[in-house]
Amino acid sequence: MKKRIIIVGAGMAGLTAARTLTREGHSVTVLDKGSSVGGRMATRRIGDAVVDHGAQFFTVRSDDFGQLVHEWTTAGVVHEWCRGFSSDDGHPRYIGARGMNSVAKYMASGLDVRCDTLVFSIARTSSGWIVQIDDATELTCDVLISTCPVPQSYSLLYTAGIELPEALRGTDYDRTIALLLTYTGKNSIAAPGGLQNPDDTFQFVADNMVKGVSAYPALTLNANPEFSRKNWDLSLEQQHELLVAAGKPYLRGLTIVESQVKKWRFATPKVLWPEYFWSTDDHSLLLAGDAFKGAKVEGAALSGLHAARFVMAN
Ligand SMILES: Cc1cc2nc3c(=O)[nH]c(=O)nc-3n(C[C@H](O)[C@H](O)[C@H](O)COP(=O)(O)OP(=O)(O)OC[C@H]3O[C@@H](n4cnc5c(N)ncnc54)[C@H](O)[C@@H]3O)c2cc1C
């Protein structure tokens, strides 16, 4: 039986679920509050430069994800970046050819994806769900899959009086404060253009031009969870000042042209739910995303894939 399915979230989990279900002939609509698809696989433009400011790369461990990545590489959407940052450890790191967001754009093509669409409440009907959008419109479906970070999914479920297991409800996330900047001059970050955990402040520093996603010089400096938590409530100006000061080793000899501070409240889950997804007893509402079983880009894709398979089987 073909189902009418609504997916909240056009990140890797939601798009993988949507593609899998659409290919099987189900009627799928993806809703995202963001102005573009990708969620935490985010790429921005600063002037003419292209800047990845969420996920910086991804790895492949499973056959299922390997097949997806093979499709992306064949389509030219993704390519191998490197096999390690301080040394070659033999494990490929992949990136979107025009930024991480290009992978999500590829996944979304041909799907019914509606951006700038905030879901703010859901309600049960006798046969499924009503999804209420912030423009006061309503959509109905047989099955609803929410792929937002768990606290955001939980706030939706709360509007329908649905409880989550306590351990899942309490899923906590590390935060990330990021400094993004364009510059002139020559920086000291050698090929492949990425530094992982280079010091006490940053978890990743990337030169988007050396990385190959930007035609113009641009750096991403993602602060680590400790720095981000400690300085979360400071003003953007104070955070900017601290990050520029801590980033001095990577900014030496450069002139900053434009810079921005960006914040991820739900960057990476601290603890993972042991299953690929969570479902209500009647199987009409599922939660999926990177907090389920696997983490990171691959975990999000696998969660979306398994949630879709479950919907098809039930
Ligand atoms: C700074 C940073 C660095 C990272 N680095 C890496 C890395 O190098 N490698 C790696 O593999 N992973 C990395 N990750 C993790 C990776 O980005 C995520 O695990 C993955 O992208 C999560 O995908 P998802 O689909 O589960 O969630 P998301 O990408 O968060 O998608 C959820 C979507 O739900 C939408 N949404 C939320 N609430 C609503 C609502 N009410 N209505 C409509 N839409 C809604 C959001 O807008 C979002 O687009 C990083 C993450 C961050 C933040």
Side-chain angles (χ1 to χ4, degrees), residues 6-18 29-43 51-61 65 69 81 85 93-96 100-101 103-104 107-108 113-122 131-134 139 144-159 171 173-180 194 196-197 202-204 206 211 220-225 228 262-269 272-273 276-277 287-305 307:
I6 291 179
I7 298 177
V8 187
M12 183 48 66
L15 292 173
T16 307
T29 299
V30 185
L31 309 174
D32 200 295
K33 66 185 168 83
S35 56
S36 177
V37 296
R40 280 169 275 165
M41 294 178 77
T43 306
V51 187
D52 279 333
H53 74 111
Q56 295 296 313
F57 63 90
F58 58 86
T59 51
V60 180
R61 292 187 169 79
F65 191 54
V69 175
W81 179 16
F85 298 101
R93 273 72 164 179
Y94 295 92
I95 52 173
M100 295 296 276
N101 182 263
V103 188
M107 291 285 277
V113 180
R114 305 178 194 179
C115 289
D116 293 313
T117 304
L118 173 81
V119 177
F120 76 90
S121 77
I122 58 172
V131 175
Q132 286 165 325
I133 316 295
D134 61 348
L139 298 172
L144 181 60
I145 306 176
S146 181
T147 64
C148 319
V150 175
Q152 294 174 329
S153 284
Y154 180 56
S155 71
L156 282 183
L157 267 59
Y158 190 77
T159 64
T171 304
Y173 287 71
D174 280 324
R175 306 165 189 220
T176 300
I177 307 177
L179 175 66
L180 315 176
Q196 205 159 25
N197 300 315
F202 296 106
Q203 62 185 346
F204 208 86
K211 186 177 171 183
T220 302
L221 297 106
N222 280 343
N224 63 30
S228 301
K262 294 287 162 197
K263 297 166 73 170
W264 295 100
R265 170 61 188 90
F266 303 111
T268 42
L272 301 179
W273 183 248
Y276 281 116
F277 56 88
L287 261 53
D290 69 335
F292 294 83
K293 201 159 172 115
K296 303 195 171 186
V297 171
E298 176 167 20
L302 292 178
S303 174
L305 180 67

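Ligands are counted one by one from 1 in listed order, and the atoms in each one are counted from 1 as well.
- Using a cut-off of 4.0 Å between Lys/Arg side-chain N and Asp/Glu carboxylate O, Arg40 and Asp290 are scored as salt-bridged.
- Close approach of ligand 1 to Val8 (heavy-atom distance below 4.0 Å) involves ligand atoms 40 (C), 42 (N), 43 (C), 44 (N).
- For a threshold of 3.5 Å applied to N or O pairs, the pair formed by Thr176 and ligand 1 contains no separation below that value.
- Between Pro225 and the choices Asp174, Thr176, Thr268, the side chain to side chain contact (heavy atoms under 4.5 Å, CB included) rule is met once, by Asp174.
- By the neighbour-count criterion of 12 heavy atoms within 6.0 Å, atom CZ of Phe120 is densely surrounded, having more than that number from other residues, nucleotides or ligands.
- Judged purely by atom type and a 3.5 angstrom limit, Glu298 uses its side chain to pair as donor or acceptor with the backbone of Arg61.
- Proximity to Gly289 (heavy-atom distance under 4.0 Å) selects the following atoms of ligand 1: 26 (O).
- The shortest N/O to N/O separation between His53 and ligand 1 does not fall below 3.5 Å.
- Distance from atom 23 (O) of ligand 1 to its nearest protein heavy atom, with residue and atom name: Ala300 CB, 3.5 Å.
- The atoms of ligand 1 that sit less than 4.0 Å from any heavy atom of Ala13 are 25 (O), 26 (O).
- For Phe65 and Tyr94, the ring centers sit 6.0 Å or farther from each other.
- The contact set between ligand 1 and Asn222, taken as ligand atoms under 4.0 Å from a residue heavy atom, comprises 1 (C).
- Heavy-atom contacts from other residues, nucleotides or ligands closer than 6.0 Å to NZ of Lys293 number more than 12.
- In terms of polar-atom proximity, defined here as any N/O pair under 3.5 Å, Gln56 does make such a contact with ligand 1.
- For atom 31 (O) of ligand 1, the closest non-hydrogen atom of the protein is Gly11 CA, 3.6 Å.
- Panel note: side chain Trp264, backbone His53; a donor-acceptor pair is recorded below 3.5 Å.
- Protein heavy atom at the shortest distance from atom 32 (C) of ligand 1 is Thr147 O, 3.6 Å.
- Remark: ligand 1 atoms within the under-4.0 Å shell around heavy atoms of Gly38 are 29 (O).
- Using a 4.5 Å heavy-atom threshold, the side chains of Gln152 and Lys33 count as touching.
- Checked against a 3.5 angstrom limit, the closest N/O atoms of Val119 and ligand 1 fall inside it.
- In this structure, Val30 and Gly9 approach most closely via the heavy-atom pair CG1-O, 3.5 Å.
- Summary of contacts: the protein heavy atom closest to atom 14 (N) of ligand 1 is Ala55 CB, 3.8 Å.
- Side-chain atoms of Gln56 come within 3.5 Å of backbone N or O of Gly54 as a donor-acceptor pair.
- Looking at Met12 next to ligand 1, an N or O pair under 3.5 Å apart turns up.
- Atoms of ligand 1 found under 4.0 Å from any heavy atom of Leu31 (numbered from 1 in listed order, with element): 43 (C), 44 (N).
- Side-chain polar atoms of Ser121 and Thr159 form no donor-acceptor pair below 3.5 angstrom.
- Per-residue contacts place Lys296 under 4.0 angstrom from the following atoms of ligand 1 (heavy atoms of the residue considered): 10 (C), 11 (O), 12 (N), 19 (O).
- Looking at atom 19 (O) of ligand 1, its nearest protein heavy atom turns out to be Asp290 OD2, 2.6 Å.
- In this structure, Thr117 has a heavy atom closer than 4.0 Å to ligand 1.
- Residue contacts with ligand 1, taken as heavy atom pairs separated by less than 4.0 Å, involve Gln152 solely via side-chain atoms from C-beta onward.
- Here the side chain of Ser303 pairs no donor or acceptor atom with the backbone of Phe292 at under 3.5 angstrom.
- Taking every non-hydrogen atom of Gly9 and a distance limit under 4.0 Å, the qualifying atoms of ligand 1 come out as 33 (C), 34 (O), 35 (C).
- Using a 30° and 60° split on the angle between ring planes, Phe266 and Tyr173 fall in the perpendicular class, above 60°.
- Asp32 OD2, 3.4 Å is the protein heavy atom nearest to atom 48 (C) of ligand 1.
- In this structure, a donor-acceptor pair under 3.5 Å is present between the side chains of Asp52 and Thr43.
- Among all protein heavy atoms, the one lying closest to atom 27 (O) of ligand 1 is Arg40 NH2, 3.0 Å.
- The nearest protein atom to atom 7 (C) of ligand 1, hydrogens excluded, is given as Phe57 O, 3.3 Å; this is a heavy-atom distance.
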